[in-house]
There are 2 protein chains.
Amino acid sequence: MVDFFKEDLELRDTKNKIIAVAIEQFSDQGYDNTSIRKIADIVGIKGSSIYNHFNSKEEILEEIFKYYRNLFYQMGDVFEIKELHHSDLKEDKILYVLKCGFDSVINILKRPEMINILKIIIKEQFKNQKIRNFFLEEFIDKPRKVMEKFMKELMEKGIIRNGNPYLYSQEFQAFAIYKMYEEFMLKDVEYIDIDDIEVQINHHIEFFWNSIRK
Amino acid sequence: MVDFFKEDLELRDTKNKIIAVAIEQFSDQGYDNTSIRKIADIVGIKGSSIYNHFNSKEEILEEIFKYYRNLFYQMGDVFEIKELHHSDLKEDKILYVLKCGFDSVINILKRPEMINILKIIIKEQFKNQKIRNFFLEEFIDKPRKVMEKFMKELMEKGIIRNGNPYLYSQEFQAFAIYKMYEEFMLKDVEYIDIDDIEVQINHHIEFFWNSIRK
DNA sequence: GTCTATAAACTGATAGAC
DNA sequence: GTCTATCAGTTTATAGAC
């Protein structure tokens with residue numbers, strides 16, 4: 001695993017420097033609008049020298065995603081909710097479970113380089129079907145299915161209002177996706193305030209809970 | 001106003017044909033990945049001939065947005081909610097008002113060429129700040145402000161639960177933005193089922209109303 | 001209004017000297 | 001592992017014949 005963000009001193013390592021610069025440029029300018037020469041310029045070498053470290057431009061992108069993917073899965077089965085016990089059905093425990101799924105994503109995003117990688121993913125998803133599918137699966141479908149199951153169980157146990165579990169899980173999830181979309185894609189800010197997003201997500205969880213509780 | 005979608009017969013007009021082809025290609029392949037030559041090929045002329053109708057590639061894009069913008073504003077102040085009267089405070093009237101904002105967008109999208117133009121907007125918003133701001137203002141900020149005001153009024157009149165009107169308006173809006181994002185950006189489908197989106201939006205409105213009503 | 005020909009700039013990638 | 005030089009391809013856009 002490449003660790004290209006430890007300290008400036010270690011950034012001397014050219015390969016890691018290339019990746020660090022590539023993350024910065026890809027996330028800001030987009031993959032297509034970043035040339036090998038531009039990356040090399042910033043690193044302080046010539047374009048041809050890049051090919052001593054990577055076989056192609058795409059290989060740089062792949063290495064970036066590999067780094068992200070590893071860290072993503074390292075956080076564990078983030079959306080897995082275990083079998084419900086009796087003690088899980090108390091209000092504070094339910095709110096805790098609702099919070100869990102978002103927390104893991106927020107924790108990933110608290111690593112500053114991760115925000116930039118997520119920006120790349122979001123920007124390149126149209127051109128690259130693999131990226132799109134990764135995003136769709138990991139950020140949309142998987143968490144939704146887990147939440148749908150959870151809602152169904154709570155419904156059967158008579159804890160929340162009857163309704164469509166699929167709709168409930170979408171209502172729960174939509175706000176977070178929307179926030180991510182707004183913060184990462186629409187806004188032109190240099191610095192994304194993850195803590196503020198966390199506060200808003202918590203308000204949403206409260207709102208949602210009050211909507212479905214009996 | 002250019003009308004490049006009336007009938008095949010009228011598509012003979014080269015300039016309109018160029019725009020129609022550009023919409024198709026830009027929405028599918030993206031602006032950067034569509035070359036002047038490719039557009040010319042499909043139209044049936046040579047690349048250089050495009051410049052008899054447009055001064056630059058960007059001018060084609062601008063003309064497309066002009067068309068969209070005009071139609072968008074033609075639909076009227078879609079998100080304007082007038083002063084509330086006594087009769088507006090009945091449940092069915094409130095639900096009607098909630099439905100209104102979305103309806104206008106859905107009606108725009110029922111024109112098939114509009115879906116493709118919206119796809120272009122969504123795909124190019126990262127590269128083009130003007131597009132990003134247009135989207136942010138017209139689809140996010142304006143409707144949110146109108147809804148916030150509406151929520152505040154309903155709150156003051158004791159019709160809905162007390163809470164943060166800003167949060168309420170976001171909760172209302174997030175689902176629709178999320179749906180748009182999912183349908184237009186993430187999914188790989190040829191044909192977008194607007195009617196199905198409409199059904200889902202209606203379910204959301206119901207869910208939202210049940211969440212805030214007293 | 002279309003064509004051919006071409007300019008000028010850029011791209012990713014390679015060969016081979018040092 | 002970096003450099004220079006260069007290939008081969010692409011792009012937008014222009015000039016000028018018809």
Side-chain angles (χ1 to χ4, degrees), chain A residues 2-4 8-66 120 123-124 126-128 130-131, chain B residues 2-4 8-66 120 123-124 126-128 130-131:
Chain A
V2 198
D3 36 31
F4 36 86
D8 275 17
L9 280 172
E10 296 182 41
L11 273 181
R12 278 191 225 132
D13 178 7
T14 309
K15 183 164 182 172
N16 291 346
K17 214 167 172 178
I18 292 169
I19 295 188
V21 170
I23 289 177
E24 231 177 74
Q25 292 296 308
F26 289 166
S27 68
D28 194 45
Q29 305 292 323
Y31 177 76
D32 283 339
N33 291 320
T34 303
S35 68
I36 291 285
R37 282 176 181 82
K38 175 78 184 171
I39 295 172
D41 263 12
I42 299 174
V43 170
I45 54 176
K46 295 294 171 182
S48 57
S49 300
I50 298 270
Y51 293 89
N52 281 314
H53 305 279
F54 300 92
N55 288 317
S56 67
K57 188 185 175 186
E58 224 186 312
E59 210 180 88
I60 304 177
L61 191 65
E62 275 163 18
E63 196 109 10
I64 293 172
F65 288 143
K66 203 158 74 187
I120 299 174
K123 282 189 184 182
E124 301 308 319
F126 310 119
K127 291 171 216 147
N128 191 321
K130 270 189 199 169
I131 300 176
Chain B
V2 199
D3 35 31
F4 36 84
D8 275 17
L9 281 172
E10 297 181 40
L11 274 180
R12 277 191 228 132
D13 179 6
T14 310
K15 185 165 182 171
N16 291 346
K17 213 167 172 178
I18 292 169
I19 295 186
V21 169
I23 290 177
E24 231 177 74
Q25 292 297 306
F26 289 166
S27 68
D28 194 46
Q29 305 293 323
Y31 177 77
D32 283 340
N33 292 320
T34 303
S35 69
I36 292 285
R37 281 180 183 83
K38 175 77 182 172
I39 296 172
D41 263 12
I42 300 174
V43 171
I45 55 176
K46 295 292 171 184
S48 57
S49 300
I50 298 269
Y51 292 90
N52 281 315
H53 304 279
F54 300 93
N55 288 317
S56 68
K57 188 185 174 184
E58 225 186 313
E59 211 180 88
I60 303 177
L61 191 65
E62 276 163 19
E63 196 107 11
I64 293 172
F65 288 144
K66 205 157 72 186
I120 299 174
K123 282 188 183 182
E124 301 307 318
F126 311 119
K127 292 172 214 147
N128 190 321
K130 269 190 200 169
I131 299 176

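Chain identifiers are assigned alphabetically (A, B, ...) following the order of the sequence lines, protein sequences preceding nucleic acid strands; residue numbering begins at 1 within each chain.
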Contacts table for residues 33-43 of chain B: side-chain donor-acceptor under 3.5 angstrom, sequence neighbours left out:
unit_1: Asn33(B); atom_1: ND2; unit_2: Gln29(B); atom_2: O; d: 3.4
unit_1: Thr34(B); atom_1: OG1; unit_2: Gln25(B); atom_2: O; d: 3.4
unit_1: Thr34(B); atom_1: OG1; unit_2: Gly30(B); atom_2: O; d: 2.8
unit_1: Ser35(B); atom_1: OG; unit_2: Lys38(B); atom_2: N; d: 3.1

Using whole Å, what does the distance between atom [atom2] of nucleotide [N] and atom [atom1] of [X] come to?
X: Lys38(A); N: dA13(C); atom1: NZ; atom2: P; answer: 19 Å
X: Glu59(A); N: dA13(C); atom1: CD; atom2: C1'; answer: 13 Å
X: Ile45(A); N: dT4(D); atom1: CD1; atom2: P; answer: 12 Å
X: Asp41(B); N: dC3(C); atom1: CG; atom2: P; answer: 10 Å
X: Ile50(A); N: dT11(C); atom1: CD1; atom2: C1'; answer: 14 Å
X: Phe54(B); N: dT14(D); atom1: CZ; atom2: C1'; answer: 18 Å

Contacts of Phe65(B) meeting ring pair (Phe, Tyr, Trp, His ring centres under 6.0 Å) (sequence neighbours excluded), chain-then-number -> none
ring-ring contact (aromatic ring centres under 6.0 Å, His included) pairs touching residues 37-60 of chain A, sequence neighbours excluded, are none
Which of dC3(C), dT14(C), dG1(D) is nearest the side chain of His53(A)? It is dG1(D)
To the nearest 0.5 Å, atom CD1 of Ile23(A) lies from atom CD1 of Ile60(A) at 11.0 Å
In 5'-to-3' order, the base (B), backbone-only (S) or no-contact (-) status of each nucleotide in nucleotides 6-12 of chain D, using a 4.0 angstrom heavy-atom cut-off, is B----BB
Contacts of Glu62(A) meeting side chain to side chain donor-acceptor pair (under 3.5 Å) (sequence neighbours excluded), chain-then-number -> none
Applying side chain to side chain contact (heavy atoms under 4.5 Å, CB included) to Lys46(B) and not counting sequence neighbours gives Ser48(B), Ser49(B)
- Task: Would you please confirm or rule out a distance under 4.0 Å between OP1 or OP2 of dC3(D) and any side-chain N or O of Ser49(A)?
- Result: yes
